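Keep in mind the model is a prediction, meaning the values are calculated, not measured. Throughout, protein chains are lettered first and strands after them, A, B, ... in sequence-line order, and every chain is numbered starting at 1.
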2 protein chains.
Amino acid sequence: MAKSDSSTDPASAPLPARRRLLDTATRLFYALGIHAVGIDRIIAEAGVAKATFYSHFPSKDDLVVAYLEEQDRIGRAAVAALPKLPPRRMLSAILGRISTAGMAGDFRGCPFLNAAAEYTDPVSPVRRAIDARRAWYHGVLRDLLAADGDPAPEVTASLLVALSDGLLEIAYLDDPRSVPALIEAGLARLLVAR
Amino acid sequence: MAKSDSSTDPASAPLPARRRLLDTATRLFYALGIHAVGIDRIIAEAGVAKATFYSHFPSKDDLVVAYLEEQDRIGRAAVAALPKLPPRRMLSAILGRISTAGMAGDFRGCPFLNAAAEYTDPVSPVRRAIDARRAWYHGVLRDLLAADGDPAPEVTASLLVALSDGLLEIAYLDDPRSVPALIEAGLARLLVAR
DNA sequence: ACACTACCAGACAGGTCTGTATGGTTCAAC
DNA sequence: GTTGAACCATACAGACCTGTCTGGTAGTGT
C-alpha cells in the first residue's frame, strides 16, 4: 500500500479540492452568512464537482464545522505567535487584534457570534465548536490575569470576553475607528490596579 | 370616507390578522433565526391566508423590519417606564434588564445582533432598524453618564454598549447565572469614581 | 339589496435547497 | 498496460423558498 512513503502522505498535504472548498466556503460564509450560501454556489466558485464535495464533507454542516474549526486554529496560532511580554502587554496585544481585524474593509464581525446567531441547537456540532473557541479564549485571558495578580481572574476574564464580543459588534455595526481607544480605556478600567 | 370616525379607527386598533402574524413571526424569528423560518410556516401557525399576509406586508423583509421595530418599541417603553432614580441607579436598572432577560429559559441572545448576523447589506432597511436601536441605546447611556458627571460620556457609553452586547452573548452562549455579578462588577469598574 | 372590506383556502410559477446517482477524464503507481 | 484514486460535469429527486393569483365567505355600512 506504500503507506510508509512520506513524500506523498495525503494526511500532511491537504488535497487541492478540499482546500479550495474550504477557502471558498470561508469567504462566502463569513461575507454573506451561512444559511444564505448554498452548496451549489460554493462548488461553482471553487470549481469542484458536487460528488467531490460530498466525498470530502458528508453534509453541509460538516463544512460549517470545518470552517469554524479552521478559524479557531488560526486565532490560536496568532495568539501563540505573539512575542512573550508581561501579562498586561499580552492582554493589550490580544485585545488589539480586534481593532486590526475591524479596520479591514470586509470586516463583518465575529465568525463565531455570527454562526451562533444562525445555529439554535446548543448541542449541535456547530455550537460545540463555538463553545470550544469561547472556552479557550476565556482561559487565555484568565491565566494572564492570574499571572498579573488579579484577585478574581475568572470574573475579570469574563468581563474581558464580554468587552471583546461587544467591541467586535461595535467594529461591525457602529464605527471601527473608535475601537482602539475603547480597547485602551476598557483595559485601563477593567484591570484592577486600584 | 368616514376617516373622522374614531370608534373604528383602524390605525389605533391593530387588526387581528396582522397582530397574529407579527406575534408568530416574533416567536419564530427569535427562536430559530430569520432565514430559517419561511412565510409558509408563519402563516400556517398564525392561521392566516397567504394573500392576507401579503396585503399587510409587501415582502418578508417588511415583516422582519416590523418585528425589529416592535422589539425596539418594547425596549424603549420598558426603559421609559423605569422609576426615576439617580443616574447610577438608572444605569444599574437598564443593564439589569440583561440578566432578567437572560434568565428566561427561551433566551436566545439579542434579536438585533442576531438579525445583524444574517443581514449583510449595511444600507438595508433591516440594518437601518438595527442602527436606530443601537443609536438610541447609546444615547440613553450617554445622557445618564453626562448627568452623573462622567468627563467622557461618549467613551463610557460606548464601553457600556460593548459590555451590554457582550453580556447578552455570555447569557446566550455561556452561563446566564454569571451575568448579574458581571453587571455589578462591570459597572463598578467602568463608571469613573476615580 | 348592494357594495365594500377583511379574511381564509389553495393552486401555481419559477427558483433554490440538500443530497444522490451516473458517466467520463486525468494521472500516478505498479 | 492496467488498475484505482481523485476529480469534473450534469441530471435528478424531493422538499422548500417567495410571491401572485383565483375564488369563496362573513360582516358591515348605506
Side-chain angles (χ1 to χ4, degrees), chain A residues 1-25 28-29 32-67 118-121 124-126, chain B residues 1-25 28-29 32-67 118-121 124-126:
Chain A
M1 291 298 181
K3 274 271 174 65
S4 58
D5 184 348
S6 64
S7 69
T8 57
D9 187 354
S12 68
L15 298 165
R18 185 179 219 277
R19 184 69 261 157
R20 266 174 1 237
L21 284 167
L22 201 42
D23 288 344
T24 305
L28 294 176
F29 284 161
L32 303 174
I34 296 171
H35 286 356
V37 177
I39 294 295
D40 283 346
R41 179 162 180 188
I42 293 170
I43 65 172
E45 297 200 15
V48 169
K50 194 172 253 192
T52 303
F53 167 79
Y54 278 102
S55 79
H56 284 290
F57 303 97
S59 75
K60 182 186 177 181
D61 274 7
D62 290 276
L63 176 63
V64 176
V65 170
Y67 151 61
E118 295 200 63
Y119 281 79
T120 68
D121 180 0
S124 67
V126 170
Chain B
M1 292 298 183
K3 275 270 173 65
S4 59
D5 185 348
S6 65
S7 69
T8 59
D9 187 354
S12 68
L15 299 163
R18 184 178 219 276
R19 184 71 262 156
R20 262 171 9 234
L21 285 167
L22 202 41
D23 289 344
T24 305
L28 294 175
F29 284 160
L32 303 174
I34 297 171
H35 286 357
V37 177
I39 294 296
D40 282 345
R41 177 160 180 190
I42 293 170
I43 65 171
E45 296 199 16
V48 169
K50 197 172 250 192
T52 304
F53 168 79
Y54 277 102
S55 77
H56 285 290
F57 302 97
S59 75
K60 182 186 177 180
D61 273 6
D62 290 275
L63 177 64
V64 175
V65 170
Y67 152 60
E118 294 200 65
Y119 281 78
T120 68
D121 180 1
S124 66
V126 171

Legend entry - Donor-acceptor contact present, side-chain B:D62 to main-chain B:S59, <3.5 Å: yes

Take the protein atom [atom1] of [X] and the nucleotide atom [atom2] of [N], then report the distance between them rounded to whole Å.
X     : N      : atom1 : atom2 : answer
A:F53 : D:dA9  : CZ    : C1'   : 17 Å
B:F57 : D:dT20 : CZ    : C1'   : 18 Å
A:I43 : C:dC17 : CD1   : P     : 11 Å
A:R18 : D:dC8  : CZ    : P     : 14 Å

With a 4.0 Å cutoff (strictly under), does any side-chain N or O of [X] reach OP1 or OP2 of [N]?
X     : N     : answer
A:T52 : D:dC8 : yes
B:R20 : C:dC8 : yes
B:H56 : C:dC7 : yes

Atom pairs under 3.5 Å: protein N/O with N/O of nucleotides 12-18 of chain D:
{"from": "D:dT18", "atom 1": "OP1", "to": "B:K60", "atom 2": "NZ", "distance (Å)": "3.1"}
{"from": "D:dT18", "atom 1": "OP2", "to": "B:I39", "atom 2": "N", "distance (Å)": "2.6"}

Inset, instruction - Find the distance between CD (A:E118) and CD1 (B:I34) and round it off to the nearest 0.5 Å. - result: 10.0 Å

Inset, instruction - Could you pull out all residues at least two apart from A:F53 that satisfy side-chain contact (heavy atoms from CB on, under 4.5 Å)? - result: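 Listed in chain order: A:L21, A:I39, A:I43, A:F57, A:L63.
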
Legend entry - Sub-4.5 Å side-chain heavy-atom contact between A:L32 and A:R41: yes

Inset, instruction - With side chain to side chain contact (heavy atoms under 4.5 Å, CB included) as the test, would you mind laying out the steps for B:D40 and B:K50 before giving the verdict? - result: CA-CA 8 Å; B:D40 282 345; B:K50 197 172 250 192; 2.9 Å; yes

Inset, instruction - With sequence neighbours excluded, tell me which residues meet salt bridge (charged side-chain N to carboxylate O under 4.0 Å, His left out) with A:K60. - result: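 By the salt bridge (charged side-chain N to carboxylate O under 4.0 Å, His left out) rule, A:K60 matches no residue at all.
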
